[in-house]
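Here's the structure we're looking at; comments come further down.
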Amino acid sequence: MKKYYLLTVLFATCTDVLCEDAVTQSSEIFTKEGEDVHFYCSFKQVYTYVYWYKQLPNQGLELVNNALGSSKSDGRFNLTKNNSTSWTFSIRAVTLHETATHFCAASDTVIEVVYGVC
């Protein structure tokens with residue numbers, strides 16, 4: 001079984017000038033192919049929309065999954081709402097293709113988004 005890692009870095013920014021939120025996320029995660037992986041992402045505020053993106057080296061962001069207010073399962077990629085401000089992003093039976101930087105994002109509207117890397 002091949003060993004590899006999913007790189008995660010803490011990063012937060014806001015599109016609004018008066019950003020008062022903060023994103024807390026998992027740091028680096030090391031795993032083996034075929035295992036389940038869980039990322040954690042929480043916000044100070046409650047948001048309606050939650051998004052999960054990944055970015056492969058030298059490529060743009062790719063939407064992995066998104067949810068509107070409640071948990072959502074999409075095959076191997078799951079978003080679980082832990083409480084009003086905390087989410088778990090899970091990959092079942094991770095593959096080498098999932099080695100990337102993973103971002104969580106949340107918004108109340110489509111225009112204003114708070115981003116974070118998880």
Side-chain angles (χ1 to χ4, degrees):
M1 201 174 273
K2 294 181 182 179
K3 283 189 177 182
Y4 63 96
Y5 64 95
L6 300 172
L7 177 63
T8 60
V9 180
L10 180 62
F11 170 79
T13 186
C14 295
T15 57
D16 194 351
V17 176
L18 299 173
C19 176
E20 295 182 12
D21 202 355
V23 180
T24 304
Q25 299 142 161
S26 304
S27 58
E28 287 185 335
I29 298 174
F30 295 86
T31 188
K32 294 180 183 177
E33 194 167 17
E35 293 183 344
D36 294 346
V37 175
H38 308 283
F39 304 98
Y40 303 96
C41 189
S42 62
F43 305 91
K44 280 184 165 180
Q45 299 180 59
V46 177
Y47 291 99
T48 306
Y49 305 97
V50 176
Y51 307 90
W52 175 7
Y53 295 94
K54 74 175 182 180
Q55 186 172 29
L56 298 170
N58 302 316
Q59 294 188 21
L61 293 176
E62 176 185 338
L63 181 64
V64 176
N65 204 342
N66 64 320
L68 173 60
S70 61
S71 299
K72 181 180 175 188
S73 178
D74 186 15
R76 294 178 38 249
F77 305 98
N78 301 297
L79 292 173
T80 304
K81 186 174 183 177
N82 304 320
N83 57 50
S84 63
T85 60
S86 175
W87 293 78
T88 299
F89 301 73
S90 302
I91 305 173
R92 279 189 251 147
V94 73
T95 66
L96 190 57
H97 182 70
E98 276 86 51
T99 301
T101 302
H102 291 255
F103 296 80
C104 62
S107 72
D108 284 327
T109 65
V110 177
I111 298 169
E112 295 182 13
V113 180
V114 175
Y115 295 96
V117 178
C118 55

Open item on the list: Holding to side-chain contact (heavy atoms from CB on, under 4.5 Å), I want the full list of residues that pass it with S84, two or more places apart in sequence or in another chain.
Closed with: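 Checked S84 against side-chain contact (heavy atoms from CB on, under 4.5 Å); matches are V46.
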Open item on the list: I need the W87 CH2 to K72 NZ distance, nearest 0.5 Å.
Closed with: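 With rounding to 0.5 Å, CH2 (W87) is 10.5 Å from NZ (K72).
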- [ ] Indicate the ring-plane relationship of W52 and H102, choosing parallel, tilted or perpendicular according to the 30° and 60° boundaries.
- [x]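 Correct class here is tilted.
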TODO: Measure the acute angle between the ring planes of Y51 and Y49, then classify it against the limits of 30° and 60° as parallel, tilted or perpendicular.
DONE: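 Parallel.
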So which atom in [X] and which in [Y] form the shortest heavy-atom distance, rounded to 0.1 Å?
X   : Y   : answer
E33 : L96 : OE2-N, 3.6 Å
T31 : V94 : CG2-CG1, 3.9 Å
H38 : T88 : CB-CG2, 4.1 Å

Open item on the list: According to side-chain hydrogen bond (donor to acceptor under 3.5 Å, both in side chains), who are the partners of T85, at least two apart in sequence or on a separate chain?
Closed with: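 Checked T85 against side-chain hydrogen bond (donor to acceptor under 3.5 Å, both in side chains); matches are N83.
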Task: Minimum side-chain heavy-atom gap C104-F39 below 4.5 Å - done: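 No, side chains not in contact.
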Task: Side chain to side chain, E98 and F77, heavy atoms closer than 4.5 Å - done: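 Touching, per the 4.5 Å side-chain cut-off.
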Donor-acceptor check, side chain of [X] to backbone of [Y], threshold 3.5 angstrom: yes or no?
X   : Y   : answer
N66 : V50 : no
S71 : K81 : yes
R92 : D36 : no
D74 : N65 : no

